[in-house]
Structures are given as C-alpha cells and as structure tokens.
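Have a look at the structure below before the remarks.
Numbers restart at 1 for each chain; the letters A, B, ... are given by sequence-line order, proteins then strands.
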There are 2 protein chains.
Amino acid sequence: MTTDSFELEQFLPYRLNRAAEFVGLRFAAHYRAKYGLTRPEWRTLAALGSSGRMTSKAVGAHSSMHKTKVSRAVFALEQRRWLKRSQDDADRRLEHLELTPAGQQAYRELIELARRYQAELEAELGGNGIEALSTGLAAIEQAISRSGKGKPPEPNELQALVGF
Amino acid sequence: MTTDSFELEQFLPYRLNRAAEFVGLRFAAHYRAKYGLTRPEWRTLAALGSSGRMTSKAVGAHSSMHKTKVSRAVFALEQRRWLKRSQDDADRRLEHLELTPAGQQAYRELIELARRYQAELEAELGGNGIEALSTGLAAIEQAISRSGKGKPPEPNELQALVGF
DNA sequence: AATTGATGGTTACATTTGCAACCATATCGT
DNA sequence: ACGATATGGTTGCAAATGTAACCATCAATT
C-alpha cells in the first residue's frame, strides 16, 4: 500500500505557498511601511504604471486579481489621488484608469524599491537558485495559461489567476 | 536613470505568489469539496498524521502557521472528532494533540489525494520543470532558515514562516 | 516564597477576503 | 424594435485572517 510516508515539506503546494509568503511578505513590509499600500493597491499601481491607461478589467487580467479586489484597490488609489477614472464614451459601462502625476511619481519610487528587492533576492538565492526558480515558475505559468483555454466557468478565484 | 521598464510578470514575488495560488487553490478545491476542510485544517491534519502526537506549537512549526491559525484549526478538527487533546501533566500549559481513528482514516484518504495531485502536477509540468522548481524552492527554503537565526521578534506573520 | 519575566495557548476586534447578488449598459436573436 | 443574455463594475454579507491583549502556568532571580 501507499499509505505511509507523506511529508508536508515535500509537497509542492505547501512549499510554493511557504516560499511565496516569505518572499512576498518581506517585500510587502517595505511598501507597507513606507506608503501604507496593500498588495492589491501595489499591483494595480504597477499595472497602470507600466502599461498606462487601461480598464479595471485589464488591470485584473494583468495582475491576476479578482475584480472585487481591483475595484477596491482602484477606489483606494483614487482616494489618494494617485489615479483618475474617465468614462469611455463609446461604451459607457467601462472606465479607463490612469495614474495622476503623483501616482506616477509613487510608481517610480515603488518600482525602484522592487528592483532593489529583486536584486537583494538574487544575491540571497544565488544565480543558480534564481535560474532554477525562474524556469520552474515558467513551467507553472505555462500550465496556467494552458488551463485557461475554453473552460467551464471555474468555481472560485482561479478564474482571476488565468488572466491574460 | 533606471526609471523605466518594470514588468510585474517578471517580478519574483508576483510570480511566486501567482504560481502558489494556482497550484494551491486547485488542490484546496479537492479537499474542500470532499471534506469541507480549510487549509489550516488540512495542514494540521497532515502534520499530526505524519508526526503523530505533538503540541500545537509543534504543529505550527512544522506547517508554518501562526499560532492563532493553529488554534482555530485544532478547535475545528476537535469538533469533527478527528483529534483529541490531552494535558501534559508535567507542564500544564501545553497540551498534546493526537488524531482519533477517524482522523487517521481521513488523513490516509487525504494524503492519497495529495499524492495523486502531486503526480498530476509532475506530469503537467514535466520532469525538467519539476526539478528546476524544486531546486529553486530549496534555495528559498535555505534563505528562510538562515533568516530564522537569532532574530529580533519580526513584526508580522513572518515569524510563523521560519518555523522549524 | 515573592516578584519578574517567559511560554503555550485562546480570544476580541478590526481588516481583508470571497462570493453572490446587483446595477447599468451593451449585444444578440428574432 | 424587444426581450433575453452578457459584460464591466460595485456592494452587502459572511467567513478567514492578523494583531494585540490576555490567561494560566512555569522558570529564574532575589
């Protein structure tokens, strides 16, 4: 029987989750301390900063977030005057989002932080570690995009994950 | 200046988080559908199932969970009669946890599920992908354990992550 | 043995999240 | 042109989570 020997610390979902939390929380600490941003807000900022004007839906697709998360993040950033909305006048359901100058400034600072952190990480993990990790992640990313082809409306938040 | 070109989808924390969610949620769907378990509950079960009798604190260390998560998971599993507590009579602060026969049965079924899922994953990602991923994760795990040496009480839940 | 400080574990409270229902507008089939 | 259906986005509510404060017990110092 296959009934014995199961070790959580060799189980991929567990390992991935642990690694993601470690790496992610440490970075979150940076921008939370300095700007009081949440992760959805940071991601939204990053998406808009790098791709410019786009809709909420597109933000979600580019940053793998459920639409409610995006909606709330957009609201928060709007409060801060880091982004502004504008109605599309062809299709009035959708609104275009754009960073204000203040938002762009924050974006520039944040991505500088992000770059430094990534460099730090690369130093910490070593070239080999980074490279292995990256190819491993690429394999998963491929699986993600494969899984997003012609699907029955998946139950949960997985939907958001297969964005773009 | 280094002010241009930052792509979220090349940022390691983002990639890791996305991958972890994809892989993790898909598995969670399995055991949530079949047993109505939460992730902390599943992890607690796994820890106790594989290591036998242990305290809440040890569970947290083995599965990288904050003590409040463990506390709640233990309570839930106790309700289900999947585990029982017993007081240590040398030190009455701590209590030992142990799976009941029903709990052990559930554990066996769950790890069977887990094994199948991991196999599925390996097939999906291919041998190279898996291997790369595993060495990459190992590098992070090393960093985690390095970071857990003689530290000032880290702010948040990072504490739980450096478990054992 | 009394005080001080650590430790295992629980709980109250605020915040974050996921989900489903919803609103407004647009599109499709007829 | 009209009803059905779909789509972008928001919101209400319940559940999950993080944080800090807390309780009980133990260990160390005096």
Side-chain angles (χ1 to χ4, degrees), chain A residues 17 21 24-26 28-29 32-33 36-44 53-79 83 85-97 152-161 163-164, chain B residues 17 21 24-25 28-29 32-33 36-44 53-79 83 85-97 152-161 163:
Chain A
N17 184 71
E21 272 187 1
L25 284 179
R26 247 180 11 166
R32 211 170 47 195
L37 285 180
T38 67
R39 183 156 62 194
E41 284 158 30
W42 144 248
R43 281 196 188 177
T44 301
R53 180 187 175 84
M54 67 207 293
T55 71
S56 278
K57 171 146 221 202
V59 169
H62 272 70
S63 52
S64 305
M65 294 192 297
H66 188 85
K67 56 184 187 166
T68 67
K69 264 188 191 165
V70 177
S71 174
R72 285 153 179 158
V74 164
F75 179 76
L77 292 177
E78 191 185 22
Q79 294 298 312
L83 75 74
R85 321 185 188 217
S86 53
Q87 289 254 350
D88 181 306
D89 34 40
D91 182 340
R92 280 178 325 198
R93 281 173 308 182
L94 42 79
E95 48 194 15
H96 301 277
L97 309 172
E154 297 264 358
N156 50 10
E157 151 116 342
L158 274 192
Q159 280 177 87
L161 281 181
F164 91 111
Chain B
N17 183 71
E21 274 188 358
L25 285 179
R32 210 170 46 197
L37 285 181
T38 67
R39 184 157 60 195
E41 286 159 29
W42 144 248
R43 280 196 188 175
T44 300
R53 179 186 175 85
M54 66 206 293
T55 72
S56 277
K57 171 146 222 203
V59 169
H62 272 70
S63 52
S64 305
M65 294 195 296
H66 188 85
K67 57 184 185 166
T68 67
K69 262 186 191 167
V70 177
S71 175
R72 286 153 178 158
V74 165
F75 179 76
L77 292 178
E78 192 185 22
Q79 294 299 313
L83 74 76
R85 321 185 188 217
S86 53
Q87 288 252 349
D88 180 305
D89 35 39
D91 182 342
R92 278 178 325 200
R93 282 171 306 184
L94 41 80
E95 48 194 16
H96 301 278
L97 309 172
E154 296 263 358
N156 49 11
E157 150 118 343
L158 274 193
Q159 280 178 88
L161 281 181

Those residues at least two apart in sequence (or on a different chain) that pass side chain to side chain donor-acceptor pair (under 3.5 Å) with B:Thr38 are B:Glu41

Taken to the nearest whole Å, CE/A:Met54 to P/D:dG8 is 13 Å

Which whole-number value in Å describes the distance from A:Leu25 CG to D:dT17 P? 13 Å

Nearest-angstrom distance from the residue atom CZ of A:Phe75 to P of C:dT16: 13 Å

When the distance from CD of A:Gln87 to P of C:dA26 is rounded to whole Å, what number comes out? 9 Å

Output a table of nitrogen or oxygen pairs between the protein and nucleotides 5-8 of chain C separated by less than 3.5 Å.
from, atom 1, to, atom 2, distance (Å)
C:dT7, O4', B:Arg93, NH1, 3.4
C:dT7, O2, B:Arg93, NH1, 3.1
C:dG8, OP2, B:Lys57, NZ, 2.6

Does B:Arg92 make a side-chain N or O approach to OP1 or OP2 of D:dA24 shorter than 4.0 Å? no

Taking atom C1' of C:dT17 as reference, at what distance in whole Å does atom CE of A:Met65 sit? 13 Å

Write down the distance between CZ (A:Arg32) and C1' (D:dT17), rounded to a whole number of angstrom. 12 Å

Which pair of non-hydrogen atoms, one from A:Val70 and one from A:Gly60, has the smallest distance, and what is that distance? CG2-CA, 3.7 Å

Sugar-phosphate only, base, or nothing, as touched by A:Ala90 at under 4.0 Å among non-hydrogen atoms: sugar-phosphate

Once you apply a heavy-atom cut-off of 4.0 Å, does B:Arg39 come out as touching a base, just sugar-phosphate, or nothing? nothing

With sequence neighbours left out, the residues meeting side chain to side chain donor-acceptor pair (under 3.5 Å) with A:Glu95 are A:Arg85

hbond_proxy A:Arg85 side chain to D:dG8 base (donor-acceptor, 3.5 Å cutoff): no

Heavy-atom closest pair (A:Ser86 atom, A:Arg53 atom, distance to 0.1 Å) is OG-NH1, 3.5 Å

Check: protein-nucleotides 14-16 of chain D nitrogen or oxygen pairs below 3.5 Å:
none

Has A:Lys69 got a side-chain N or O lying under 4.0 Å from the OP1 or OP2 atom of C:dT16? no

Starting at CG of B:Asp88 and ending at C1' of D:dA24, how long is that distance when rounded to a whole Å? 14 Å

Looking at B:Arg72 and D:dG18, is any side-chain donor or acceptor paired with a base atom of the opposite kind under 3.5 Å? yes

Can a donor-acceptor pair be found, under 3.5 Å and without considering hydrogens, that links the side chain of A:Thr44 to the backbone of A:Pro40? yes

List for me each residue that meets salt bridge (charged side-chain N to carboxylate O under 4.0 Å, His left out) alongside A:Arg92, sequence neighbours excluded, and say none if there are none. none

Minimum heavy-atom distance B:Thr55-B:Leu97, with the two atoms named: C-CD1, 4.1 Å

I'd like to check the salt bridge (charged side-chain N to carboxylate O under 4.0 Å, His left out) partners of B:Asp88; sequence neighbours left out, ordered by chain and number. none

Taking all atoms of both residues into account, what is the closest heavy-atom pair of A:Val59 and A:Ser63, and its distance? O-OG, 2.6 Å

